[in-house]
Amino acid sequence: MNIAILLSGGTGQRLGGDIPKQYIKVEDKPIIIYSLETLENSNWIDKIQIVAHNQWIHEIEKWAAEYCVDKKICGYSAPGENRQMSIYNALLDINAFAKPNDNVFIHDSARPNLDLSTIQASFDALSGYDGVIPVLPMKDTVYLSKEGQQIDALLDRKQVFAGQSPETFIYGKYLKANQRLMASGEILNINGSTEPAILAGMKMHMISGDERNYKITTGDDLDRFKEQIKAK
């Protein structure tokens with residue numbers, strides 16, 4: 001079974017505004033619905049667990065029913081102190097039905113351009129690995145600066161990649177990787193979903209990312225998405 005964890009617990013502070021960015025309507029459709037539509041329409045996704053603050057659950061349920069993307073939603077999880085804690089809460093909640101050999105597919109609702117082909121490619125690439133992450137090559141020259149004031153080293157950009165979501169993992173192994181970080185308290189220092197897997201020695205497969213699958217973080221990102229949707 002393949003279980004999607006859709007992260008929708010962010011507050012969108014960097015974007016500003018009265019509501020979190022994932023609930024802003026673009027062409028009269030909440031941003032979270034764009035990802036839910038893709039997950040609902042994918043034959044590779046069996047269930048969807050949503051991470052969201054309690055005060056938004058009713059709205060999400062209403063929107064999901066309105067756009068007919070509620071069939072795979074199996075439950076809701078509370079957001080944590082950081083992104084990885086939110087993921088951990090969802091991992092614990094789906095433990096009621098998930099088996100160790102099932103797969104979890106983690107995506108941000110603030111990345112509304114999720115494509116069906118990316119979902120399929122992620123699961124296709126999982127064979128022989130413990131997880132899959134889409135990455136983008138670095139186009140610019142990449143430097144290392146230890147203190148952010150001067151350049152300390154030149155990195156080989158051919159060996160440096162930018163990670164994206166969605167990230168896919170074998171559920172049992174990934175749960176244990178996060179449990180180890182919870183025990184040590186290190187989970188609060190985790191920035192990317194793949195970090196726990198790497199620290200646990202899980203074998204991760206890199207696949208080609210999608211530049212269109214950007215995360216809406218700033219007002220410019222939101223404007224870009226609005227223009228994109230209007231163009232369609």
Side-chain angles (χ1 to χ4, degrees), residues 1-12 15-79 83 86-87 89-90 93-94 96-98 102-123 134 164-168 193 209-232:
M1 181 166 55
N2 298 328
I3 307 156
I5 295 175
L6 184 61
L7 301 172
S8 190
T11 58
L15 185 64
D18 298 328
I19 64 174
K21 58 194 172 187
Q22 62 272 25
Y23 305 128
I24 294 172
K25 290 188 177 182
V26 175
E27 292 297 296
D28 205 36
K29 184 187 297 185
I31 287 174
I32 185 177
I33 295 298
Y34 288 92
S35 294
L36 272 175
E37 285 178 329
T38 306
L39 294 171
E40 181 74 32
N41 291 328
S42 173
N43 294 327
W44 290 88
I45 300 298
D46 300 303
K47 294 181 181 292
I48 304 169
Q49 182 80 10
I50 300 176
V51 176
H53 287 282
N54 188 61
Q55 64 264 37
W56 285 101
I57 292 178
H58 176 71
E59 290 295 323
I60 295 172
E61 289 177 335
K62 183 181 69 175
W63 294 328
E66 178 183 352
Y67 289 95
C68 300
V69 292
D70 55 347
K71 296 179 181 63
K72 294 181 181 180
I73 297 175
C74 59
Y76 294 84
S77 297
R83 183 177 184 275
S86 294
I87 292 171
N89 289 344
D93 288 341
I94 67 174
F97 58 85
D102 287 340
N103 305 309
V104 287
F105 179 90
I106 300 172
H107 189 61
D108 295 295
S109 60
R111 291 182 186 265
N113 289 321
L114 176 64
D115 191 83
L116 288 171
S117 62
T118 299
I119 300 177
Q120 180 174 347
S122 296
F123 287 107
Q164 291 185 306
S165 80
E167 293 152 287
T168 311
S193 308
D210 183 353
E211 291 189 356
R212 297 168 299 176
N213 185 29
Y214 56 88
K215 187 175 183 179
I216 297 176
T217 303
T218 67
D220 288 341
D221 297 328
L222 181 58
D223 290 341
R224 177 185 176 188
F225 183 62
K226 288 178 178 179
E227 290 300 319
Q228 176 188 334
I229 296 302
K230 286 181 181 178
K232 288 183 178 181

Between [X] and [Y], a side-chain donor and acceptor under 3.5 Å:
X    : Y    : answer
E167 : S193 : yes
N113 : Q228 : yes
T218 : D221 : yes

- Message: I'd like to know if the side chain of S42 reaches the main chain of T38, judged simply by a donor and an acceptor atom lying under 3.5 Å from each other, with no hydrogens or angles considered.
- Response: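 Answer holds: no.
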For the residue pair [X] and [Y], establish whether any side-chain heavy-atom pair is separated by less than 4.5 Å.
X    : Y    : value
I45  : I119 : yes
P166 : L114 : yes
F97  : I3   : yes

- Those residues that, when tested against F123, pass ring pair (Phe, Tyr, Trp, His ring centres under 6.0 Å) (two or more places apart):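 If we apply the ring pair (Phe, Tyr, Trp, His ring centres under 6.0 Å) test to F123, skipping adjacent residues, the hits are W44, F105.
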- Item | With F225 via ring pair (Phe, Tyr, Trp, His ring centres under 6.0 Å) - residues at least two apart |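 Residues passing ring pair (Phe, Tyr, Trp, His ring centres under 6.0 Å) with F225: Y34.
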Applying salt bridge (Lys or Arg N to Asp or Glu O under 4.0 Å), name anything that partners [X], two or more places apart in sequence or on another chain.
X    : answer
R224 : none
E27  : none
K226 : none
D210 : R212

Of the non-hydrogen atoms in [X] and [Y], which two are nearest, and what is the gap between them?
X    : Y    : value
A78  : N89  : O-ND2, 2.8 Å
P30  : K25  : N-CG, 3.9 Å
G209 : Q164 : CA-OE1, 3.2 Å
Q22  : S8   : NE2-O, 2.9 Å
S109 : I31  : O-CG2, 3.6 Å
I33  : A64  : CD1-N, 4.0 Å

- Please test L39 against V69 for side-chain contact (heavy atoms from CB on, under 4.5 Å), starting from the C-alpha separation and ending with a verdict. CA-CA 8 Å; L39 294 171; V69 292; over 6 Å; no
Partners of [X] by side-chain contact (heavy atoms from CB on, under 4.5 Å), sequence neighbours excluded?
X    : value
S35  : L6, H107
A90  : I5, Q49, V51, S77
E227 : K230

- Mind running side-chain contact (heavy atoms from CB on, under 4.5 Å) on V104 and I94 for me, showing each step along the way? CA-CA 10 Å; V104 287; I94 67 174; 3.6 Å; yes
- Item | Residue pairs passing the salt bridge (charged side-chain N to carboxylate O under 4.0 Å, His left out) test where at least one lies in residues 29-54, sequence neighbours excluded |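 Residue pairs passing salt bridge (charged side-chain N to carboxylate O under 4.0 Å, His left out), neighbours aside: K29-E37.
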- Provide the full list of salt bridge (charged side-chain N to carboxylate O under 4.0 Å, His left out) pairs with a residue in residues 63-77, sequence neighbours left out, each pair given once.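 Non-adjacent pairs meeting salt bridge (charged side-chain N to carboxylate O under 4.0 Å, His left out): zero.
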- Task: Output yes when D108 and R83 qualify as a salt bridge under the 4.0 Å nitrogen-oxygen rule, no when they do not.
- Result: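 So D108 pairs with R83 through a salt bridge.
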- Message: Using the rule given for side-chain contact (heavy atoms from CB on, under 4.5 Å), can you reason through I73 versus Y76, listing the C-alpha separation, both sets of side-chain angles and the distance that settles it, and then say yes or no?
- Response: CA-CA 8 Å; I73 297 175; Y76 294 84; 4.0 Å; yes
What side-chain donor-acceptor pairs closer than 3.5 Å can you find for residues 54-62, not counting sequence neighbours?
from, atom 1, to, atom 2, distance (Å)
E59, OE1, K62, NZ, 3.1

- Message: I'd like to know whether D102 forms a side-chain contact (heavy atoms from CB on, under 4.5 Å) with N2, so could you lay out the CA-CA distance, the side-chain angles of the two residues, the decisive distance to 0.1 Å, and finally the verdict.
- Response: CA-CA 6 Å; D102 287 340; N2 298 328; over 6 Å; no
